[in-house]
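See structure below.
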Amino acid sequence: MQAVFGRVALFVVLNQVPNLKMLGLLQGFASGLMLSISFFDLAHNAINAIGFLKGNLWFFAGVIFFATVANFIPEPTLAPIPDGKSKKVEPISPSKSMSFI
């Protein structure tokens, strides 16, 4: 497992131009890894304290609650809302948005 992390870190350090697809994949991998570590750490304590069935039921109740709340909160957007009177807004290409690098 450490060899995989080392290869990913070496790839990130040696790659000069950031590829948005690769950055997205690496962020997804890191978030999944942190989420699984948190879950396994907390699940072990919960199962020991309240039992296997109750621990899993409360975990999935939390997942459903979070999914419900996330469904009602809109995602933020940076694009202006067209009002019909303004000119057509061009989407920003990834090459223009990363020009500061």
Side-chain angles (χ1 to χ4, degrees):
M1 188 64 125
Q2 291 175 351
V4 173
F5 293 136
R7 288 182 186 138
V8 169
L10 186 64
F11 175 76
V12 170
V13 170
L14 294 179
N15 194 4
Q16 297 294 324
V17 179
N19 182 358
L20 294 180
K21 185 176 180 180
M22 181 57 69
L23 289 175
L25 287 171
L26 292 175
Q27 284 180 334
F29 175 73
S31 64
L33 183 67
M34 288 187 290
L35 184 63
S36 66
I37 290 171
S38 299
F39 169 73
F40 289 127
D41 184 43
L42 294 173
H44 177 71
N45 294 334
I47 288 171
N48 288 338
I50 62 174
F52 181 78
L53 181 64
K54 284 185 182 179
N56 282 315
L57 286 176
W58 280 110
F59 169 74
F60 286 110
V63 168
I64 291 170
F65 174 75
F66 181 76
T68 303
V69 169
N71 190 29
F72 288 114
I73 298 174
E75 290 289 329
T77 59
L78 300 176
I81 299 172
D83 59 357
K85 297 178 184 177
S86 62
K87 296 179 182 177
K88 185 177 178 181
V89 178
E90 288 186 30
I92 299 173
S93 66
S95 62
K96 289 182 182 177
S97 65
M98 299 296 289
S99 62
F100 62 91
I101 297 177

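Since we're looking at a predicted model, the values are computed, not measured. Below, all heavy atoms of this structure are taken into account, side chains as well, without hydrogens, waters or symmetry copies.
- Here Phe65 is tied into one hydrophobic group with Val69, Ile73, each link being a pair of ILVMFWY side chains closer than 4.5 Å.
- Hydrophobic cluster membership is shared by Phe40 and Val63, with clusters built from Ile, Leu, Val, Met, Phe, Trp and Tyr side chains linked at under 4.5 angstrom.
- Contact check for Phe59 versus Leu42: no side-chain heavy atoms found under the 4.5 Å cut-off.
- Through side-chain heavy atoms spaced under 4.5 Å, either directly or across other Ile, Leu, Val, Met, Phe, Trp or Tyr residues, Phe52 is tied to Ile47.
- Taking Asn48 as the reference, His44 meet the side-chain hydrogen bond (donor to acceptor under 3.5 Å, both in side chains) condition, with sequence neighbours excluded.
- Distance check, rounded to the nearest 0.5 Å: CD1 of Ile50 to CG of Asn45 gives 11.0 Å.
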